[in-house]
Novice: 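This is the structure I have questions about; it appears just below.
Letters A, B, ... mirror the listed sequences (proteins, then strands); counts begin at 1. The shown structure was predicted, so the numbers you read here are calculated from the model rather than taken from an experiment.
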2 protein chains.
Amino acid sequence: MPIKHRRQAPTQSDVARLAGVSQATVSAVVNGRAEGHRIPADTERRVREAVRELGYVANPAARSLKSKRNRLIGVHTFESVFPISSRDFYHEFLIGVEEQAVAEGHDLVLFTSTEDPDGKRQLYRDGINRLNVADGSVLLGVTHKPSDLARLAAEGYPFVHVGRRDVPGAEIAWVGADYRSGTEALVASLAGLGHRRVAYLGTSHRMEAQIDREDGYLAGCASMGIPPMPVFMKVQDLTPEWFDVTLAGGVTAFLAGAEAQADRIAELARARGLAVPSDVSVAVLVGTVGGPEVGRSWSALGIPRNDMGRAAVRLLVEMLTEPDIARDDQVLLPCTQPDHSTIAEAAR
Amino acid sequence: MPIKHRRQAPTQSDVARLAGVSQATVSAVVNGRAEGHRIPADTERRVREAVRELGYVANPAARSLKSKRNRLIGVHTFESVFPISSRDFYHEFLIGVEEQAVAEGHDLVLFTSTEDPDGKRQLYRDGINRLNVADGSVLLGVTHKPSDLARLAAEGYPFVHVGRRDVPGAEIAWVGADYRSGTEALVASLAGLGHRRVAYLGTSHRMEAQIDREDGYLAGCASMGIPPMPVFMKVQDLTPEWFDVTLAGGVTAFLAGAEAQADRIAELARARGLAVPSDVSVAVLVGTVGGPEVGRSWSALGIPRNDMGRAAVRLLVEMLTEPDIARDDQVLLPCTQPDHSTIAEAAR
DNA sequence: ATACGTTGCTGATACGAAACAGCAAGGAGC
DNA sequence: GCTCCTTGCTGTTTCGTATCAGCAACGTAT
């Protein structure tokens with residue numbers, strides 16, 4: 001095999017020598033600051049000619065060493081990146097991140113080297129923040145160490161979290177989905193379809209997102225004048241007896257916090273000879289891929305994943321380019337309302 | 001919103017001050033040259049402690065300005081990265097790339113900024129090779145500008161192409177699948193199952209991979225003493241009449257260069273009341289997801305995608321760390337032989 | 001006592017681009 | 001003849017890291 005030798009690229013000094021000017025002049029010309037540096041048109045022409053003749057291109061390393069910007073945006077997921085297929089939760093976020101990075105002229109650095117033995121990724125390993133190689137980072141997923149986020153914020157490292165995340169003692173930037181308004185609007189829309197009793201199936205996780213959905217449900221019920229009926233039961237406790245009692249109470253629609261609960265409702269309804277959605281309406285609050293039967297997917301509140309990814313990058317780049325201006329660094333994006341796949345008018 | 005001040009990332013000088021040594025000593029320690037610089041274990045420990053305490057990470061710009069190494073590996077695909085879902089062709093390659101990058105302690109830089117208006121990605125834009133921020137790159141996919149590869153090689157930029165790619169006038173490094181041996185072995189295995197006439201359905205593309213498969217087919221036929229029967233026809237020209245003539249000629253097995261051809265054979269066989277694989281065996285030479293009927297996928301030559309991704313990174317890192325040693329920089333990895341889903345013993 | 005070797009560092013410099021201060025030459029105004 | 005301004009640059013420093021030459025202190029050999 002041939003021994004490859006990396007050709008030494010021409011520098012501004014090479015150009016300067018050829019054009020008979022100083023390196024500083026070349027820098028001014030190639031950066032379009034000829035005006036500000038009072039370089040006459042003739043000198044500029046000579047420099048540009050030399051640039052062309054030598055095929056000069058700026059060394060990105062030197063440029064970013066001076067400007068303190070690498071045009072590199074880190075992407076840290078708390079799971080492995082590539083194995084995430086399109087049906088996975090984070091995939092669509094990543095698409096948005098990539099698209100916006102392209103639009104902003106930045107490249108993405110995938111943080112893989114912080115992989116720990118469990119396959120989880122942590123921000124700090126041996127106390128070292130590898131994220132520093134990027135100008136700033138977008139964080140995806142749920143960390144099992146929220147304190148790392150606080151530490152990162154305290155260090156002043158610029159990052160944006162995708163998904164609302166409240167960390168005690170630190171105000172971190174995030175881009176989240178407005179589950180509260182989305183759920184509230186969904187309740188209103190169900191009420192508009194004639195449903196007077198809408199049950200809410202909560203989950204045991206009490207994370208930000210779940211709390212928002214619950215708040216939205218309660219607000220929706222309040223504004224439509226229907227009684228809130230939140231249920232916090234494990235899927236296996238949703239028995240036929242419970243179902244009968246619930247229906248007897250006048251419930252005609254169910255809001256499921258997780259897909260498993262919706263599946264269970266479908267099962268219970270089928271056992272009672274009831275059809276979805278003509279007899280009972282069911283909506284899922286987190287976007288999924290399943291449904292009550294083949295060819296029919298759950299009506300689900302849509303998370304604007306792509307937009308969230310894009311917004312996160314946009315916010316991050318703004319934070320990087322104008323660190324000192326006041327800015328709303330916590331962004332809520334509206335959810336899209338579900339289609340009417342498993343939602344229908346209330347049976348009379 | 002609070003005004004955030006980006007704390008300057010700590011430098012080697014900061015670490016040096018804390019550890020009570022010189023910047024040069026810090027450099028030696030963090031680069032693992034403690035031995036060569038005769039740094040005693042105790043001093044090294046102190047430095048490492050300071051590194052941890054400050055969260056020091058080398059500035060990639062400064063590092064590459066000086067030494068041309070960032071521990072950053074570029075990944076350039078000629079299509080968008082994240083939208084590629086797991087069933088897509090490149091996904092498994094990327095997994096391999098990521099896994100090996102983790103293993104080698106490198107991070108991945110996704111090159112997105114070279115996106116041109118058509119959505120194709122090109123290596124050069126405005127004559128600037130952005131790949132330079134990474135130490136070297138893995139290239140995936142097929143470029144519409146092979147000349148860029150030659151230019152990249154001529155510049156001495158270290159890169160490894162995934163998939164065999166012969167560029168006139170340049171010897172580029174690649175990691176490919178050994179379609180030739182794989183196809184040859186497949187023919188031999190079919191012969192072993194009693195097939196005395198194996199038809200080869202070629203494609204009109206005459207790329208490296210297709211040529212290799214064809215060569216392997218011919219070699220397999222030759223070594224097994226069966227007559228080669230290559231067919232280069234469009235799918236729509238594979239008529240029932242052609243099928244009848246082919247069967248009458250004693251053909252009992254088909255090798256399809258593309259899945260569409262296999263599908264067509266299945267259709268023709270069904271029309272004649274023949275079953276796959278009990279009456280005719282069919283194998284596909286490029287890995288796909290379909291099959292002759294639901295629940296049965298085509299027997300397909302397996303491309304070791306994960307291995308190829310890993311091998312590409314391994315080769316690249318070797319090229320980077322030891323640029324001057326002789327090395328085989330064109331690697332062929334064996335294909336896996338198909339299962340017996342649509343291959344069976346020849347009908348007598 | 002002198003020469004020499006080893007240990008454990010440090011100081012200086014280079015990499016390429018950008019920013020800034022400043023200086024020489026020439027002309028205008030008094 | 002002197003000051004002051006403008007034009008057209010140049011010189012120098014800076015960014016953070018890596019490398020190399022070298023130096024002080026100490027030990028050992030003669």
Side-chain angles (χ1 to χ4, degrees), chain A residues 6-48 50-51 54-72 132-135, chain B residues 6-48 50-51 54-72 128-130 132-133 135 320-321:
Chain A
R6 191 96 199 252
R7 170 187 66 79
Q8 187 57 11
T11 71
Q12 286 188 350
S13 301
D14 298 327
V15 174
R17 210 169 306 121
L18 182 61
V21 296
S22 72
Q23 175 264 324
T25 302
V26 176
S27 175
V29 170
V30 299
N31 288 295
R33 299 198 207 305
E35 321 295 277
H37 284 250
R38 299 175 305 202
I39 311 287
D42 185 61
T43 305
E44 180 171 351
R45 209 184 31 70
R46 262 170 36 238
V47 171
R48 289 200 186 284
V51 164
L54 294 179
Y56 166 82
V57 273
N59 178 324
R63 187 191 285 258
S64 62
L65 175 58
K66 196 70 181 106
S67 68
K68 317 269 223 158
R69 290 289 311 278
N70 291 328
R71 294 193 83 77
L72 253 29
N132 266 329
V133 303
D135 300 335
Chain B
R6 173 78 164 103
R7 182 188 53 75
Q8 254 302 73
T11 70
Q12 287 187 349
S13 302
D14 298 326
V15 175
R17 211 169 305 121
L18 182 61
V21 296
S22 72
Q23 175 265 324
T25 302
V26 176
S27 175
V29 169
V30 298
N31 289 296
R33 299 200 206 305
E35 321 295 277
H37 284 249
R38 300 173 305 200
I39 311 288
D42 185 60
T43 303
E44 181 172 351
R45 210 183 32 70
R46 259 169 40 237
V47 171
R48 289 200 187 284
V51 164
L54 296 178
Y56 165 82
V57 183
N59 178 320
R63 181 184 281 234
S64 69
L65 177 58
K66 194 63 184 137
S67 72
K68 315 300 186 209
R69 286 301 305 280
N70 288 343
R71 295 193 82 76
L72 250 31
I128 297 178
N129 171 12
R130 249 302 245 162
N132 267 329
V133 303
D135 301 337
L320 293 171
T321 49

Novice: Starting from the first five and the last five pairs of the helix from C/dA1-D/dT30 to C/dC30-D/dG1, work out the angle between the resulting helix axes, to 10 degrees.
Specialist: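 Roughly 70° between the end axes, to the nearest 10°.
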Novice: Under 4.0 Å: is that the gap between some side-chain N or O of B/Arg33 and OP1 or OP2 of D/dT19?
Specialist: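 B/Arg33 to D/dT19 OP1/OP2: side-chain N or O found under 4.0 Å.
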Novice: Can you list the residues that meet the side chain to side chain contact (heavy atoms under 4.5 Å, CB included) rule with B/Ala24, with sequence neighbours excluded?
Specialist: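 Residues passing side chain to side chain contact (heavy atoms under 4.5 Å, CB included) with B/Ala24: B/Ser22.
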Novice: Can you sort out the partners of A/Arg63 under side chain to side chain donor-acceptor pair (under 3.5 Å), two or more places apart, ordered by chain and number?
Specialist: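 In terms of side chain to side chain donor-acceptor pair (under 3.5 Å), with neighbours along the sequence ignored, A/Arg63 is linked to no residue.
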Novice: Ignoring backbone atoms, test whether A/Tyr56 places a side-chain nitrogen or oxygen under 4.0 Å from the OP1 or OP2 oxygen of C/dG16.
Specialist: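 Result: no.
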Novice: Summarise how protein sits on nucleotides 4-14 of chain D as a single string, 5' to 3': B when a protein heavy atom is under 4.0 Å from the base, S for sugar-phosphate-only contact, - for no contact.
Specialist: ---BBBBBB-B
Novice: When you match B/Ala28 and B/Ala62 each to their closest nucleotide on DNA chain D, which lands nearer the 5' end?
Specialist: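 In this pair, the answer is B/Ala62.
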Novice: Just how far, in rounded Å, is C1' of D/dA18 from CG of B/Leu65?
Specialist: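 Taking atom C1' of D/dA18 as the reference, CG of B/Leu65 is at 10 Å.
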Novice: Describe the nucleic acid contact of B/Thr11 in one word from base, sugar-phosphate, nothing, applying a heavy-atom distance below 4.0 Å.
Specialist: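 The answer is sugar-phosphate, as B/Thr11 gets under 4.0 Å only of primed atoms, P, OP1 or OP2.
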Novice: B/Asn31 CG to D/dT19 P: how many Å, rounded?
Specialist: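 Nearest whole value for this atom pair: 7 Å.
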Novice: Among residues at least two apart in sequence or on other chains, which ones pass side chain to side chain donor-acceptor pair (under 3.5 Å) with A/Arg38?
Specialist: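 Partners of A/Arg38 by the side chain to side chain donor-acceptor pair (under 3.5 Å) criterion come out as none, since no residue qualifies.
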Novice: Measure the distance from CG on A/Asp135 to P on D/dG16 and round it to the nearest whole Å.
Specialist: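 Spelled out: CG on A/Asp135 to P on D/dG16 is 14 Å.
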Novice: Who pairs with B/Leu320 by side chain to side chain contact (heavy atoms under 4.5 Å, CB included), at least two apart in sequence or on another chain?
Specialist: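 Expected list: B/Arg69, B/Asp135, B/Pro158, B/Leu316.
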